[in-house]
Amino acid sequence: MKNILKLGFILMAYAGIAGVLLGWVYTKTKPKIDLQEKLEREQAIREVLPDGIEIFEENTLDDGTVLIIGYSDDSKQNVLGYAAMAVGTGFSSNVRTMLGLTPDFKVNAIKVIYQSETPGLGTHSQDSWFQKQFSGKTKGDLLVNKDGGKIEAITGATISSRAVTNSVRELVEKLSHNPKLTRMQKTAEDTLSSDNSSN
Amino acid sequence: MIKEFTKGILKENPILVLALGLCPTLAVTTTAYNGIGMGVAVIFVLTMSNIIISLIRKTVPSKIRIPIFITVIATFVTIVKLVMAGYTPSLSKQLGIFVPLIVVNCIILGRAEAFASKNGVLASALDGLGMGTGFTIVLFFMGTVREIIGSGTLTLGFPILIDPHTLNIMGKGYSSALLMILPPGGFITLGIFMWLKQLWVKNA
């Protein structure tokens with residue numbers, strides 16, 4: 001009995017030292033890691049938004065979706081595109097994809113930000129040939145070819161391909177039915193036509 | 001002393017002879033570069049944990065040595081992971097899946113138990129380096145074979161130093177043998193490698 005307590009205390013001492021050490025390293029590296037994640041997210045947003053966007057700001061929609069709206073200049077009159085994160089359930093992970101849209105809800109570009117799918121199969125969802133297929137697609141095309149759409153699935157990784165494609169399609173559908181956004185698109189068109197008439 | 005280093009490469013190769021750490025071996029060798037990446041991460045963690053365990057070996061009661069070794073290894077791997085994520089994000093992305101896998105790689109615990117807990121610091125460091133190198137060499141060749149047959153490509157590079165590049169070995173018309181990338185292909189390749197090693201040793 002005495003021996004068990006002694007061993008228990010020794011193990012506790014080792015675990016305690018390890019815990020303190022880890023806590024210290026965690027607090028030291030946390031701000032750095034957060035900063036890296038933020039930079040990475042911003043870079044992904046810039047990559048998927050259409051060209052010509054000078055400034056973008058984040059909005060939270062009523063359903064909790066964080067939507068990034070890109071404007072052509074500081075005046076924030078001219079909406080050039082949207083970006084938002086799509087999450088789909090893949091084979092072995094939640095696949096997170098940053099989706100960029102033009103104002104008429106066509107896909108501008110996508111970027112798979114996080115996945116931990118099968119190495120050599122589902123991990124190809126981050127290859128550029130797969131992601132490039134999404135550019136210019138409307139929601140009707142956004143199905144993998146096996147399901148009757150226009151996205152060529154990765155060989156041997158249909159589940160991962162579906163996770164990306166379906167999550168993107170659902171997000172496009174959700175955003176294109178959002179009253180706030182459709183209103184904004186209308187205003188953008190009005191501004192555009194009034195610009196034309198003044199010319 | 002130099003024997004402690006060289007034994008891990010062929011005579012006591014962790015994969016081909018000791019058959020330790022097979023789970024990450026089968027899981028990551030889908031490309032040659034993944035094999036190198038995992039190997040380098042293992043060399044680093046194995047050497048460091050061997051050194052630390054050799055240093056504390058006299059204060060560890062033998063009855064609870066396994067949980068203490070695991071604590072040391074897990075602590076060390078977590079520190080490496082956090083520091084990499086904060087300071088070298090690109091490397092952290094490349095090695096991302098491999099690093100947490102190292103904790104459960106039984107080579108690390110195996111060497112702590114079989115060698116570092118009974119030997120001095122220098123010998124333990126050399127043992128870790130040698131075992132890690134032997135591990136890396138096998139992973140690299142398995143990755144090469146599986147990638148060329150399974151995807152028709154070859155991805156080469158070295159963590160930190162050289163960014164990975166993919167070469168198209170088999171050309172465009174090659175229809176890849178997917179089996180080689182899936183776990184069965186890993187087992188088949190591993191079995192053939194073990195057989196070749198035995199043939200070589202017998203004839204030498």
Side-chain angles (χ1 to χ4, degrees), chain A residues 2-44 91-93 111-124 126-129 153-158, chain B residues 24 26-31 33-35 37-38 56 59-90 92-93 96-98 100-101 143 146-147 150-151 153 155 166 175-176 178-183 185-186:
Chain A
K2 217 181 126 205
N3 201 21
I4 291 176
L5 277 179
K6 193 185 149 206
L7 291 179
F9 274 111
I10 294 176
L11 187 54
M12 193 178 80
Y14 272 100
I17 295 169
V20 170
L21 193 66
L22 278 180
W24 182 75
V25 174
Y26 179 76
T27 50
K28 287 283 160 198
T29 51
K30 184 84 168 69
K32 273 269 177 194
I33 294 172
D34 288 348
L35 181 72
Q36 298 289 3
E37 275 174 7
K38 195 169 154 257
L39 287 178
E40 200 183 308
R41 184 164 175 271
E42 266 175 27
Q43 206 204 334
F91 189 69
S92 58
S93 62
K111 188 173 168 69
V112 177
I113 293 192
Y114 173 85
Q115 50 81 19
S116 101
E117 302 288 290
T118 320
L121 295 170
T123 48
H124 285 305
Q126 285 188 311
D127 289 1
S128 61
W129 73 264
I154 303 153
T155 319
T158 313
Chain B
L26 298 168
V28 307
T29 53
T30 50
T31 71
Y33 177 73
N34 279 0
M38 179 76 188
I56 62 167
T59 69
V60 174
S62 69
K63 273 186 184 162
I64 51 166
R65 63 186 192 283
I66 301 289
I68 289 179
F69 292 166
I70 283 287
T71 310
V72 169
I73 295 163
T75 309
F76 197 76
V77 170
T78 312
I79 290 174
V80 170
K81 188 172 144 56
L82 288 173
V83 171
M84 271 185 9
Y87 292 89
T88 57
S90 62
S92 165
K93 278 213 130 172
I97 47 163
F98 309 134
L101 273 176
R146 289 180 70 187
E147 190 184 355
S151 320
T153 58
T155 313
T166 305
S175 68
S176 48
L178 259 187
L179 176 81
M180 286 304 280
I181 291 212
L182 295 168

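All chains are named by letter (A, B, ...) in the order of the sequence lines, taking the proteins before the strands, and each is independently numbered beginning at 1.
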>> I need the minimum non-hydrogen distance between I33(A) and L82(B), along with the two atoms involved.
In response: CD1-O, 3.6 Å

> What distance do I64(B) atom CD1 and K6(A) atom NZ have between them, rounded to the nearest 0.5 Å?
Replying inline: 9.0 Å

> At what distance, to the nearest 0.5 angstrom, does OG1 of T78(B) lie from CG of L22(A)?
Replying inline: 5.5 Å

>> If the condition is side-chain hydrogen bond (donor to acceptor under 3.5 Å, both in side chains), which residues does S92(A) pass it with, not counting sequence neighbours?
In response: none

> At a heavy-atom separation under 4.5 Å, does T75(B) approach chain A through its side chain, its backbone, both, or neither?
Replying inline: both

> Based on non-hydrogen pairs under 4.5 Å, which of G150(B), P61(B), A74(B) is most in contact with chain A?
Replying inline: P61(B)

> Side chain, backbone, both or neither: which part of D34(A) has an atom under 4.5 Å from a heavy atom of chain B?
Replying inline: neither

> Considering all heavy atoms of both residues, which atom of L178(B) and which atom of G156(A) are nearest to each other, and what is their separation?
Replying inline: CD1-CA, 3.8 Å

> Where does L21(A) contact chain B at under 4.5 Å (heavy atoms): side chain, backbone, both or neither?
Replying inline: side chain

> Can you tell me how far CD1 of I68(B) sits from CD1 of I10(A), rounded to the nearest 0.5 angstrom?
Replying inline: 7.0 Å

> Is it the side chain or the backbone of L182(B) that comes within 4.5 Å of chain A heavy atoms, both, or neither?
Replying inline: side chain

>> Any donor-acceptor pair under 3.5 Å linking the side-chain atoms of T59(B) with those of Y14(A)?
In response: yes

> Distance from W24(A) atom CH2 to I79(B) atom CD1, nearest 0.5 Å?
Replying inline: 9.0 Å

>> How long is the straight-line distance from CD1 of I4(A) back to NZ of K63(B), given to the nearest 0.5 Å?
In response: 8.0 Å

>> E37(A): which residues meet the side-chain hydrogen bond (donor to acceptor under 3.5 Å, both in side chains) condition with it, sequence neighbours left out?
In response: none

>> For a quick test of reading the model, state the closest non-hydrogen atom pair linking T71(B) to A15(A) and the distance between them.
In response: CG2-CA, 4.2 Å

> Taking atom CD1 of I181(B) and atom OG1 of T155(A), what is their separation to the nearest 0.5 Å?
Replying inline: 10.0 Å

